[in-house]
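Please read the structure below before turning to the comments.
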Amino acid sequence: MEDLHKILNESQYEAVTTLQGPILVIAGAGSGKTRVIEYRSLNLITKGIHPSSILLLTFTRRASQEMITRASRHDPRCKDIDGGTFHSFAYRMLKRYSKAIGFKQDLIVLDESDSKEAIHRCANALNLYNKDKRFPKKDTLKTIISMSINKSSPISEIIKREYPHFTEYIEDIKRLAVAYGEYKIKRAYIDYDDMLIYLKAMLEDQGLRQAITRPYKYVMIDEYQDTNALQGAISILLAGKTGNIMVVGDDAQSIYGFRGANHKNIMDFPSFFENCKIIRLELNYRSYQRILDCANALLNTMDNKYQKCLHSVKDNIGVRPNLYFFKNTYEEAEWIADFIKDSLADGVPLHHHAVLCRSMYLTIPLQAELSKRNIPYETYGGIKFYETAHVKDILSYLKIKVNIHDEIAWHRILMLLEGIGTKTVERLTTYISEQSSIDNVIKVLASHSKNSKKAHSLNSLIKVLENAFQINKNDVGAIFDIFFEYYKPLMKNKYDDWHIRINDLETLRQVASRYKDLEDMLADFAIEPPERSVYAQEPETKDEDRPLCISTIHSSKGLEWDTVIIMGVIDGIIPISFCLDNEEEIEEEKRLLYVAITRAKKRLSLTLHHEGKRGGIMQFNKLSRFLTPPAVHSSLDVSLSNKEYDNKTFSQTQIPTCSSDLLKKIFEYYRN
DNA sequence: AAATATTACCGAGTG
DNA sequence: GGTAATATTT
Ligand SMILES: Nc1ncnc2c1ncn2[C@@H]1O[C@H](COP(=O)(O)OP(=O)(O)OP(=O)(O)O)[C@@H](O)[C@H]1O
């Protein structure tokens, strides 16, 4: 191994070489926190510790990938380190010990929309909608129930605090939460929150804790500020008696409050142990000072108690981040696409660029411009590929193949059939749930396809099921093909844009056929779903061919690029308009911008457009309030931009006079 | 009564 | 672009 002193500073060195006992590393962005984890793993392995006795956890998928790939670069043995997101780890344990817990059948993972569907069914079963049409919708119900779990606070609290207008339904919603819990246990359904709940419960059980923690001698957790109460408790339990746990984080980068993350977790960590070592890292190894000046200015406007200041070690101080104003989204998109093209010509490789945004829909015009210029890109975050209707449809067939009692999957499948609607589906799923084998299920379906026009569609479904159930569960590709061929015509009826969706499914097929086991595939799709890639990529793409990264700020956590463009720094986008009545949420938005700024190594540009539409009404977009304080604004360079419009000149430019009689002309046009 | 077509509404971020 | 309420057809 290289000489650690050469590649680490004093504080990092201390963190890397302290192998026993609890450690908290708390430090600003780009100060080499992940690097500490990277080299500490390496150090442990060099000392003869077996990689599989190291556990690396974090909250987001990308951060966890980053952690493991970085370490593996130095030593291939690091690939054997056990790690991933809290959820994926929890699922692995749950799967391993589900029999011990008392589940009779294999677990079925519910993704977010499945879970909403299940809640909806439970609400209907309790007649909550018949009583009162104004009962909250399934999305709201899911949010409330999930928030209560992730913040470890009672449903009544959540409703009083965040949904006071639903106070009258507190008792109903509590009943619903209980019913939903029972519903899941009965059917071996597991939603994302359950994974954490079960993991914590398993760790609180003597026997299971032994079994789970025994293999791990060293636990490290990155981005600890993003953990919620549940994950915090899990971390402490994993540390166990040895207390060999290192957590790493930055309270100024806490951006997952909406998922129940609480930066108190990181602050309180030392109090759980008698001998916790706290290490602070002061130097920033990532960015040029000019970029950090901007980040610091923003940091200074935060009302946080733990003052930090970022100092770059780079000799080159770089240039101030540029701020660019545009008239509308299209000009903004064109400019960004051209900027990237120019930057490429200057020799900066494509994958060293990133475009970051608050929400993905802001990048749609940009994606169009990039495609025009043949610039390949990959999007991270936003509407998930695997949650689009057509993907969920085809996955439902596969789910049935794994478990014929998955009623949520049956519901989807049957609803696709001509002449069959909610009522028939309810009847059918009830019968199906009573059957013990696929043959009997098929008989049920057949008995319903006697007379009516249901016959045709049901019969073709029956035929497909018969075929698919002959094939071995491990031949994922073949099973997929059978269902795909069957689904194609249904999809063409259902969607006008089926030709695009068919491409998605082709990609899906490719990914799916790499699996040896259908069940593994389905679990992976729920827990670590593949991102939609516009330009299909081989798994082993060379670095220089890697596409441009377009990412939400949330998903960019822990990553870095030479050149970063943050688009849409608009008041109402960041901070997002519907959080403006809540001080805490505004602070979180500010931290979000801070995270975005500190992703850039060498060059940073911020863009916004003035012309905005909200609900069909034109409005004037102003610069984000986070960038207007003089100290922050002066850390930016606006000299390269068009000048900022004010509302008045803008509306004047918007309504030019019309010099010909247009209406008359159009009237003529229609007459001929 | 049930299925299907139409309209009206709303928009985040993650696993 | 998707869902839920509402109108219309079968
Ligand atoms: N001692 C060092 N010498 C040289 N480069 C370093 C050193 N420490 C960190 N770096 C580099 O600085 C960059 C940022 O490090 P790293 O990603 O570990 O920071 P981080 O604290 O995890 O940041 P964030 O909080 O944004 O996730 C990386 O490119 C890393 O290689």
Side-chain angles (χ1 to χ4, degrees), chain A residues 57-64 84-91 109-117 120 129 133-140 143 146-147 149-150 190-196 199 223 226-228 230-231 254-261 356-362 364 380-384 386-390 392 414-415 417-427 452-454 457 493-497 500-501 523-529 531 551-557 568 572-579 585 588-589 591-592 595-596 613-616:
Chain A
L57 292 177
T58 184
F59 176 63
T60 61
R61 292 187 289 129
R62 290 193 83 189
S64 98
T85 61
F86 275 93
H87 288 89
S88 70
F89 176 69
Y91 177 72
V109 177
L110 296 183
D111 66 31
E112 194 72 357
S113 60
D114 290 336
S115 158
K116 285 173 185 165
E117 198 56 43
H120 193 68
Y129 286 106
K133 283 264 184 297
R134 298 198 329 274
F135 194 71
K137 304 284 165 281
K138 62 179 179 185
D139 287 37
T140 317
T143 312
S146 182
M147 194 118 74
I149 292 165
N150 285 292
I190 293 291
D191 69 16
Y192 292 132
D193 297 334
D194 287 331
M195 295 179 191
L196 301 180
L199 177 57
E223 311 287 4
D226 291 330
T227 55
N228 61 32
L230 221 42
Q231 291 161 328
S254 168
I255 55 174
Y256 282 100
F258 72 95
R259 282 291 298 137
L356 305 182
C357 55
R358 173 64 236 249
S359 16
M360 222 49 201
Y361 75 93
L362 293 166
I364 291 167
Y380 292 90
I383 297 161
K384 286 168 207 86
Y386 71 101
E387 292 214 332
T388 50
H390 54 297
K392 296 222 60 174
L414 295 171
M415 283 298 281
L417 301 176
E418 194 135 288
I420 292 182
T422 39
K423 295 290 166 179
T424 319
V425 168
E426 284 311 315
R427 263 206 313 278
S452 64
K453 60 180 177 315
K454 296 170 191 167
S457 48
N493 285 337
K494 195 172 163 193
Y495 305 106
D496 288 338
D497 59 349
I500 305 175
R501 292 172 191 255
D524 266 14
F525 267 63
I527 301 167
E528 317 219 331
E531 300 284 346
S551 174
T552 58
I553 302 173
H554 283 91
S555 301
S556 73
K557 182 61 106 38
I573 300 280
I574 182 163
I576 198 121
S577 50
F578 38 82
C579 82
E585 286 178 34
E588 180 152 314
E589 296 284 311
R591 293 194 289 270
L592 200 51
V595 168
K613 276 193 283 283
R614 266 187 65 79

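Throughout, protein chains are lettered first and strands after them, A, B, ... in sequence-line order, and every chain is numbered starting at 1. FYI, side chains are in, hydrogens and waters are out, and symmetry mates aren't considered; it's all heavy atoms of this structure.
As rounded to whole Å, 16 Å separates atom P of B:dT14 from atom CG of A:Asn228. In this structure, the CG atom of A:Leu417 is 15 Å from the C1' atom of B:dA2, given to the nearest Å. Nucleotide B:dG13 holds its P atom 16 Å from the NZ atom of A:Lys557, rounded to whole Å. Rounding to whole angstrom units, CE of residue A:Met195 and P of B:dT14 are separated by 17 Å. Straight-line distance from the CD atom of A:Glu112 to the P atom of B:dG13: 13 Å, rounded to whole Å. Distance, A:Asn493 CG to B:dT4 P: 11 Å, rounded to whole Å. Here the P atom of nucleotide B:dT14 and the CZ atom of A:Arg259 are 11 Å apart, to the nearest Å. With rounding to whole Å, A:Tyr192 atom OH is found 15 Å from B:dG13 atom P.
Residue A:Lys116 places no side-chain N or O under 4.0 Å from the OP1 or OP2 atom of C:dT3. In terms of phosphate contacts, A:Arg61 brings a side-chain nitrogen or oxygen within less than 4.0 Å of OP1 or OP2 of B:dG15. A:Thr85 has no side-chain polar atom (N or O) that falls below the 4.0 Å cut-off from OP1 or OP2 of B:dT14. A:Thr552 has a side-chain polar atom (N or O) that falls below the 4.0 Å cut-off from OP1 or OP2 of B:dT14. The shortest distance between the side-chain N/O atoms of A:Lys138 and the OP1/OP2 oxygens of C:dA4 is below 4.0 Å.
Take the nearest nucleotide of DNA chain B for A:Gly421 and for A:Cys579: the residue whose nucleotide is more 5' is A:Gly421. Mapped onto DNA chain B by nearest heavy atom, A:Met415 and A:Arg62 fall at different nucleotides, with A:Met415 at the one closer to the 5' end.
The two residues A:Asp226 and A:Gln231 have their closest heavy-atom pair at O-OE1, 3.9 Å.
Ring to ring, A:Tyr91 and A:Phe89 are not that close: their centroids are 6.0 angstrom or more apart.
A:Ile420 comes within 4.0 angstrom of the backbone, heavy atoms only, and of no base. Backbone-only contact: A:Arg501 has heavy atoms under 4.0 Å from sugar-phosphate atoms and none from a base.
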Problem set entry | A:Arg358/A:Glu589 under side chain to side chain contact (heavy atoms under 4.5 Å, CB included): CA gap, chis, key distance, verdict | CA-CA 9 Å; A:Arg358 173 64 236 249; A:Glu589 296 284 311; 2.5 Å; yes
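Side-chain proximity of A:Thr60 to the nucleotides B:dG13, B:dA3, B:dT14 is greatest for B:dT14. Checking B:dG15, B:dT14, C:dA5 against the side-chain heavy atoms of A:His554 singles out B:dT14 as nearest. The side chain of A:Ser359 approaches B:dA12 more closely than any other nucleotide in the set B:dG15, B:dT4, B:dA12.
Taking the 5.5 Å centre cut-off and the 30° plane limit, the aromatic side chain of A:Phe258 is classed as stacked on B:dG13.
Here A:Asp193 pairs with A:Arg259 in a salt bridge; the nearest charged N to carboxylate O distance falls below 4.0 Å. Using a cutoff of 4.0 Å between basic side-chain nitrogens and carboxylate oxygens, A:Glu588 and A:Arg591 are scored as salt-bridged. Comment: A:Asp114 engages A:Lys392 in a salt bridge, judged by a side-chain N to carboxylate O separation of less than 4.0 angstrom.
Residue side chain A:Asp193 reaches the base of B:dG15 through a donor-acceptor N/O pair under 3.5 Å, judged by distance alone.
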